[in-house]
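Have a look at the structure below, then the notes.
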Amino acid sequence: MTPQRPQDDHTSGQSTEPVSRPDPEEDQLLGGRSEKQVSTGGSGEGRLFGGRSEKQVRARRSGEDRVPGERPEAKGGAPVAWWALGGRSAWSVRRAVPVIVFVVLAVLPFSTLDLPALLPGPVNSPGSMQLLAICLVFAGLAVTYDLLFGRTGLLSFGHALYVALGSYTVNIAVTKAGLSLAAALGLAVVVGLVVPVVFGALALRVSGIAFAMVTLATAQVGSILVMSDPGGLTGGEEGLSLAPSALPGFLTGVLNTANLYWLALAYLIVVVAVVAWAVESEPGRVWQAIRENERRVSVLGLPSYRFRLLSFALASFLATLGGVVHLFLVGGSSPQITTSNFTLAFLVMVVIGGAGSRWGAMIGGIAYTYLDHRLSALGTSDAVAGLPAVLKAPLSEPLFVLGVLFILVVYFLPGGLTRARRHQGP
Amino acid sequence: MSDVVLLTLTGLGLGALYFLIASGLSLIFGLADVLNFAHGLFLAVGAYGTWWASAHMPFVLAVVFGVAAGTAVAVLVEVVLIRPLYTRTIEQVLVTVGLSLAGVALLQATFGADPVIFPKPAWTGETTRVLGAIVPNDRFLLIGAAVIVLAALQLFLHRTRFGLIVRAGVENRTMVTALGINVRTAFTVVFAIGGAAAALAGALAGVYFGNVSPGQGTSMLIFAFIVVVIGGMGSVTGSAVAAVLVGLVQQFAGYYAAAGVGEASVVLLLAVVLLARPGGLAGRTA
């Protein structure tokens, strides 16, 4: 086993820091390098940026800076980053930035700022609030997908299934079975815990591409099941709208869109906090090791299957909760959220933002969702209308623009947007 | 009895479509390690190419045009987008994912999101009596095309020099490279073959379903993936067996149980095969 830290460290929140705990930045560095190691397959051929070698140089330099005799390796065998030895002031700034960002996000509904090009109306108008809330929910969902893909290295094509599970479970329980909202939420929690464990236990028997295929196939069955409208439960292709009376008053009505926005923000914060806590915890280290080299983890005597299942179950459970928030936000369940394209969207978000980094998935999720919604507006705007038809038609398709953007990111920003800065580094 | 005959022939026809898509996928994955999400795009290009050309020329020539268009797109994709990323498996998957999203959106922008009616030859709409069952003729067209493609692929793989390189590359690519053979040319060849087969599948799917829509390729691709995994990555014969199996299971379970059960049984089949033989039917048990 790896060196043990007392268990209560994990639950005591962020205040008490064990000395051996690496800087969050280091986590990113590891993420950055390992992803390249996996992706370049050791050949380094076709590498467009010198990011990796540069980091190696930095790591080496850090070894020289240190007092001779001191071990240049941390407990987990990970190289200590040079700034991990720096003062704590930079540390607390890094801590403060997300808090500030979340506070700004939280007070946005009080703003009447008008950004005509960026938002459909003033910031606190229902249209803008709805758009921003959807961006936040998708950011949260992208973070849950990143837990699988970026943190544990599990390429899943079935994540949409669990979003749909949350949405449809609560919706059917409330609208069709007539349960109270609290009971429906309880049911969703149970379902969201049990179903991923069962499916994950089966799918994780295989790994790599076969795992991706099994998740894709399972999700496809979910999609077909929803489309075929068994017993009139799911509403088939038309989807199922949530009975308005089901929600408490403060969540319904156009005027209360700000409350939904706060709900979405709360979901995002919970997901970011849980994922940040989980990847720093003991299993989190093992996930990282699995992503780097699964065989090595097995050789070290750790049951990698169980750790992968834990990651899968946690990510899927959080996605189920996200599905519930999505349901409240859009007021119904649409079969759109069961399709494989919906899962691919998460993959695109995570990769655009930067897989396995602290804020990458969140930023990618917000950027993708925002562009997806606003690009359709762009397609009908005057600027595009003046273009010749050859350019106009593709630009009016958000997915075309996003798909091209995605390919460009894969080629030219292998670490995603959040690591773009680092590539140009000193 | 007539039900069984009809279901069998329909299942075989569906299996034929799956085989046409899966054989290319399987070869591409087996040789080049590329999980090709853009395969659905090749299919859609073939379908739309045939649809567009059929207004200007006889149907058979239109199919040839569609297949040529699909092949050209596949080769272009391989040379321009996939080739710079070899040995970077995850990036390749991501690029093909992006390509499938952007490509389908582009088709949608060009031809509209709604399905277009496919101008199929009149005789495919007629029926033939087989053992008391009334079977639409397009089933025979599908099965015939798949059998011809299977035979051609086997001839190519077992009787030509390129086929030898492809088979050897699937077996052990590093060794083939070490022996001084340029495997990359073979990559382009399998992409061309896969693109051609997928485009043919697109044209035939147009005949089978009676219409073409931009997203059609993507939904069929998922079942083709299942066929590839069941059949074993890199094996054309395995894909053929698995395609027949999947087509039949889907038809029979869908008919005798409820709608949707057919698809669910296919996934169940996938789960069973993977648990029993993780390498697929034709895979080496490793």
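Each chain gets a letter, A, B and so on, in the order its sequence line appears, and its residues count up from 1. The shown structure was predicted, so the numbers you read here are calculated from the model rather than taken from an experiment.
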Does any heavy atom of chain A fall under 4.5 Å from the side chain of [X], the backbone, both, or neither of them?
{"X": "B/Leu81", "answer": "both"}
{"X": "B/Val228", "answer": "neither"}
{"X": "B/Val229", "answer": "side chain"}
{"X": "B/Leu94", "answer": "both"}

From [X] atom [atom1] to [Y] atom [atom2], the distance as rounded to the nearest 0.5 Å:
{"X": "A/Ile407", "Y": "B/Thr96", "atom1": "CD1", "atom2": "OG1", "result": "9.0 Å"}
{"X": "A/Leu402", "Y": "B/Leu101", "atom1": "CG", "atom2": "CG", "result": "8.5 Å"}
{"X": "A/Leu216", "Y": "B/Leu221", "atom1": "CG", "atom2": "CG", "result": "8.0 Å"}
{"X": "A/Met213", "Y": "B/Phe29", "atom1": "CE", "atom2": "CZ", "result": "8.5 Å"}

Open item on the list: Looking at every non-hydrogen atom in both residues, tell me the closest pair between B/Leu270 and A/Ala217 and how far apart they are.
Closed with: CD2-CB, 3.7 Å
- [ ] Starting from the C-alpha separation in whole Å, work towards a yes-or-no answer on ring pair (Phe, Tyr, Trp, His ring centres under 6.0 Å) for B/Phe37 and A/Phe157.
- [x] CA-CA 12 Å; B/Phe37 268 83; A/Phe157 287 114; 4.7 Å; yes
TODO: Please identify each residue that fulfils side-chain hydrogen bond (donor to acceptor under 3.5 Å, both in side chains) with B/Tyr18, with sequence neighbours left out.
DONE: B/Gln250
With only heavy atoms counted, which part of [X] is less than 4.5 Å from chain B, the side chain, the backbone, both or neither?
{"X": "A/Val348", "answer": "side chain"}
{"X": "A/Phe149", "answer": "side chain"}
{"X": "A/Leu399", "answer": "both"}
{"X": "A/Phe400", "answer": "both"}
{"X": "A/Val351", "answer": "side chain"}

- [ ] Please check if atom CZ in A/Arg205 has more than 12 non-hydrogen atoms from other residues, nucleotides or ligands closer than 6.0 Å.
- [x] no
Open item on the list: Counting heavy-atom pairs closer than 4.5 Å to chain A, which one of B/Ile222, B/Val95, B/Leu35, B/Val93 comes out on top?
Closed with: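 Top count of heavy-atom pairs under 4.5 Å with chain A: B/Ile222.
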Open item on the list: If we define contacts as heavy-atom pairs under 4.5 Å, which of B/Ala271, B/Ala102, B/Gly103 has the most with chain A?
Closed with: B/Ala102
